[in-house]
Peer 1: 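Structure below; questions to follow.
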Amino acid sequence: MRARWLAVVVGVLLAAGVTVPAQAANILSNPGFESGSLSGWSCSGGSVVSSPTRSGGFALNGAVTSSDYAQCSQTVSVQPNTAYTLSGWVRGSYVYLGVTGGSSTWTPSAAGFTQLSLSFTTGASQTSAQIYVHGWYGQPAYQADDFSLDGPGGTPGAPTAPGTPTVTSATNSAISLSWPAASGTVTGYRVYEGTSVVQTVATTTATVSGLPACSSHSYSVSAYNSVGESLRSAAASGTTGGCTSTGLAKHALIGYLHASFANGSGYVRMADVPDQWDIIDLAFGEPTSVTSGDIRFNRCPASECPNVESDAEFIAAIRAKQAAGKKVLISIGGANGQVQLTTTAARDAFVSSVSAIIDRYGLDGLDIDFEGHSLYLNAGDTDFRNPTTPVIVNLISALKTLKAKYGSGFVLTMAPETFFVQVGYQFYGGAGGGDNRTGSYLPVIHALRDSLTVLHVQDYNSGPVMGLDNQYHTMGGADFHIAMTDMVKAGFPVANTGQTFPGLRDDQIGIGLPAAVSAGNGYTAPAAVHQALDCLVKGQNCGGYSLRGGASPGLRGLMTWSINWDHYYNWEFQNNHAPYLDALP
């Protein structure tokens, strides 16, 4: 009966075009950790132990914490449209085994080593798979041993992947690259931007030309020969020259002004904002309803702000700031201003109403501070380069329309929380049953990257976030600002989508901070802020963190919530940081 059943199963798979290996073979490297190390594996919170083990002398120990579920993963070459079986022996509570972007299994409790296993079939063009094991937040450490991925390895005889490319130079219309050679027999190399081949060369250098001025690009490289093509390298980002000057200070001080409310910190008149502030964001324009797209800016009433100035005085003070080289923007959203552009009618209302605010007060541009549930990704919307979710698509369209209407001098800034940007390194949208808002700013940033003046992510009110070193970083110290900013500069793979978010130019990047202890969770002492600036701008005093994106001498500066809170605390933020920014090279 068993032989007959197996023959029937194999026949069904072959009829479906699925390759069935003639003989199972474990294609994982160091599957039982018998090297005595984590060689072949990429781990967060993992180590090799000699006890307990299921067999041999070593096993994996996953040191779970309240903020890290201690994942270990390994990426292997596979063949397209082929059946594989994954198994592993685990010990502990809530231990998971799975394939990134595919199926998974788990055990709620295993006092002794228990085998987990699953089967999957690769896609029609899939050449690699990432398998993983992890525990769960707040549980005890788990152990794992004797993993097996049964099936054929990648195409024999194909070259290995080249090393990560480096941008060697850039002009107004071209970007030049070089990369470490692949091993094996190599006929040539293919340079990819996204999924498109933009250059095919015989050497380890290439120049991609015909590019628009002041545009950002991300490239990966593969090697090929007569047998097949290698996996692609990690991506490198570059930007062409020819950017239009915004008229901003090289290192700017950016702050939000409570123009429509007092918020316990008191009202600050526009004319009383000190000259040290280079960008002043008027907080906030809010919608008449969540989905209307109709944005209104209501100045603080005298009942709440007894010292509020008249509209005429307010506008005159704005003109004086602008005459001194400052930029004044309307900020849309905030914690209470949920904006969901679910329809094209809402998109058009957004453009019309925001334009009316800008025109009435003669403002220099717009800040997008969408929080809460304003942005999210529908199921299946997994390509940040080509989003399909209406609230994302319509916001992109609206911002492009406003930029086109007001021209190159239009200042566009964004202030997302880390949840909507850097957390996209681990999770994107609702894939795997997670929160469908994770990483949801990425398609907006990417679509507007050539129009974006400053992205100042809020490095506050945040949980621990995994950085490019695959370690969790916690707000309140220099380390958090260094790691979070480096992610924006270097770019990063987007969760399990197989795509890489390209980094931004350093002049487009700012750091968001609370002005004082009452302004938000994650207050950072001035000395730690200066350490972060030294690391990011000069490449010095990084505290052991290695910058993946390199130093950023043009880093735009610091943003704070808020000017009002800084005034309340006797200008602590301004007095400590404005001189430091001015002294940076």
Peer 1: Is the closest side-chain donor-acceptor distance between S451 and K400 under 3.5 Å?
Peer 2: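 The criterion, which ignores hydrogens and geometry beyond distance, is not satisfied for K400 and S451.
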Peer 1: Give a yes-or-no answer on whether the side chains of Y256 and D367 include a donor-acceptor pair shorter than 3.5 Å.
Peer 2: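 Looking only at side-chain atoms, D367 and Y256 do form a donor-acceptor pair, the distance falling under 3.5 Å.
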Peer 1: Going by atom types alone, do Q458 and E371 pair a side-chain donor with an acceptor below 3.5 Å?
Peer 2: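 E371 and Q458 do have a side-chain donor-acceptor pair below 3.5 Å.
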Peer 1: Looking only at side-chain N and O atoms, does Y376 offer a donor or acceptor that is under 3.5 Å from a partner on D435?
Peer 2: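 There is no such pair (donor and acceptor under 3.5 Å, judged by atom type) between the side chains of D435 and Y376.
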Peer 1: Decide yes or no for L341 and P390: does some side-chain heavy atom of the first lie under 4.5 Å from some side-chain heavy atom of the second?
Peer 2: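 Sidechains of P390 and L341: no contact.
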Peer 1: In terms of side-chain heavy atoms, does S552 have a donor or acceptor partner in K489 at a distance below 3.5 Å?
Peer 2: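 There is such a pair (donor and acceptor under 3.5 Å, judged by atom type) between the side chains of S552 and K489.
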Peer 1: Given Q276 and D582, is the side chain to side chain donor-acceptor pair (under 3.5 Å) satisfied, shown in steps?
Peer 2: CA-CA 10 Å; Q276 284 88 339; D582 291 343; over 6 Å; no
Peer 1: Looking at W561 versus Y460, is the centre-to-centre ring distance below 6.0 Å?
Peer 2: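 No - the distance between ring centres of W561 and Y460 does not fall below the 6.0 Å cut-off.
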Peer 1: Who passes side chain to side chain donor-acceptor pair (under 3.5 Å) against T500, sequence neighbours left out?
Peer 2: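 By the side chain to side chain donor-acceptor pair (under 3.5 Å) rule, T500 matches no residue at all.
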Peer 1: Please step through side chain to side chain donor-acceptor pair (under 3.5 Å) for the pair T453 and T413, ending with a clear verdict.
Peer 2: CA-CA 6 Å; T453 310; T413 65; over 6 Å; no
Peer 1: Specify the closest pair of heavy atoms between L375 and R437, including all atoms of both residues, with the distance to one decimal.
Peer 2: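 Nearest pair, atom of L375 first, then R437: O-CG, 3.4 Å.
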Peer 1: State, yes or no, whether a side-chain contact exists between Q199 and Y192 at a heavy-atom distance under 4.5 Å.
Peer 2: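 Heavy-atom side-chain distance check fails, nothing below 4.5 Å.
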Peer 1: Looking only at side chains, do S73 and S42 share a donor and an acceptor under 3.5 Å apart?
Peer 2: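 No.
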Peer 1: Just so I know, are the side chains of W179 and T166 near enough to count as touching, which here means a heavy-atom distance under 4.5 Å?
Peer 2: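 No - every pair of side-chain heavy atoms lies 4.5 Å or more apart.
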Peer 1: Taking all atoms of both residues into account, what is the closest heavy-atom pair of N394 and T342, and its distance?
Peer 2: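 Heavy-atom minimum between the residues: ND2-C, 3.7 Å.
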Peer 1: Taking S353 for the side chain and A349 for the main chain, is one N or O donor matched with an acceptor at less than 3.5 Å?
Peer 2: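 Answer holds: yes.
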Peer 1: Under the side chain to side chain donor-acceptor pair (under 3.5 Å) criterion, do S222 and S230 qualify, and how do the steps go?
Peer 2: CA-CA 6 Å; S222 70; S230 74; 4.8 Å; no
Peer 1: Walk me through it: do F297 and Y361 pass the test ring-ring contact (aromatic ring centres under 6.0 Å, His included)?
Peer 2: CA-CA 10 Å; F297 173 55; Y361 294 99; 5.5 Å; yes
Peer 1: Can you find a heavy atom in the side chain of H481 that is under 4.5 Å from one in the side chain of M475?
Peer 2: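 No; the side chains remain at least 4.5 Å from each other.
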Peer 1: Can you sort out the partners of S462 under side chain to side chain donor-acceptor pair (under 3.5 Å), two or more places apart, ordered by chain and number?
Peer 2: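 Testing S462 for side chain to side chain donor-acceptor pair (under 3.5 Å), a comparison that skips the adjacent residues, returns T418.
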Peer 1: Do D534 and Y580 have side-chain atoms, one donor and one acceptor, less than 3.5 Å apart?
Peer 2: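 Distance-only check passes for D534 and Y580.
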Peer 1: Give me each pair satisfying ring-ring contact (aromatic ring centres under 6.0 Å, His included) with a member in residues 440-459, each pair once, sequence neighbours excluded.
Peer 2: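 Output for this query lists F384-H446.
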Peer 1: Centres of the H577 and H530 rings: under 6.0 Å?
Peer 2: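 Yes - the distance between ring centres of H577 and H530 falls below the 6.0 Å cut-off.
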Peer 1: Could you please spell out the steps behind the salt bridge (charged side-chain N to carboxylate O under 4.0 Å, His left out) verdict for D506 and R556?
Peer 2: CA-CA 7 Å; D506 53 3; R556 183 56 71 184; over 6 Å; no
Peer 1: Does the side chain of S233 come under 3.5 Å of the side chain of S220 through a donor N or O and an acceptor N or O?
Peer 2: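 Side-chain D/A pair, S233 to S220: absent.
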Peer 1: Is there a donor in the side chain of T389 and an acceptor in the side chain of D381, or the other way round, less than 3.5 Å apart?
Peer 2: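 Their side chains do contain a donor-acceptor pair, which is all the 3.5 Å distance test asks for.
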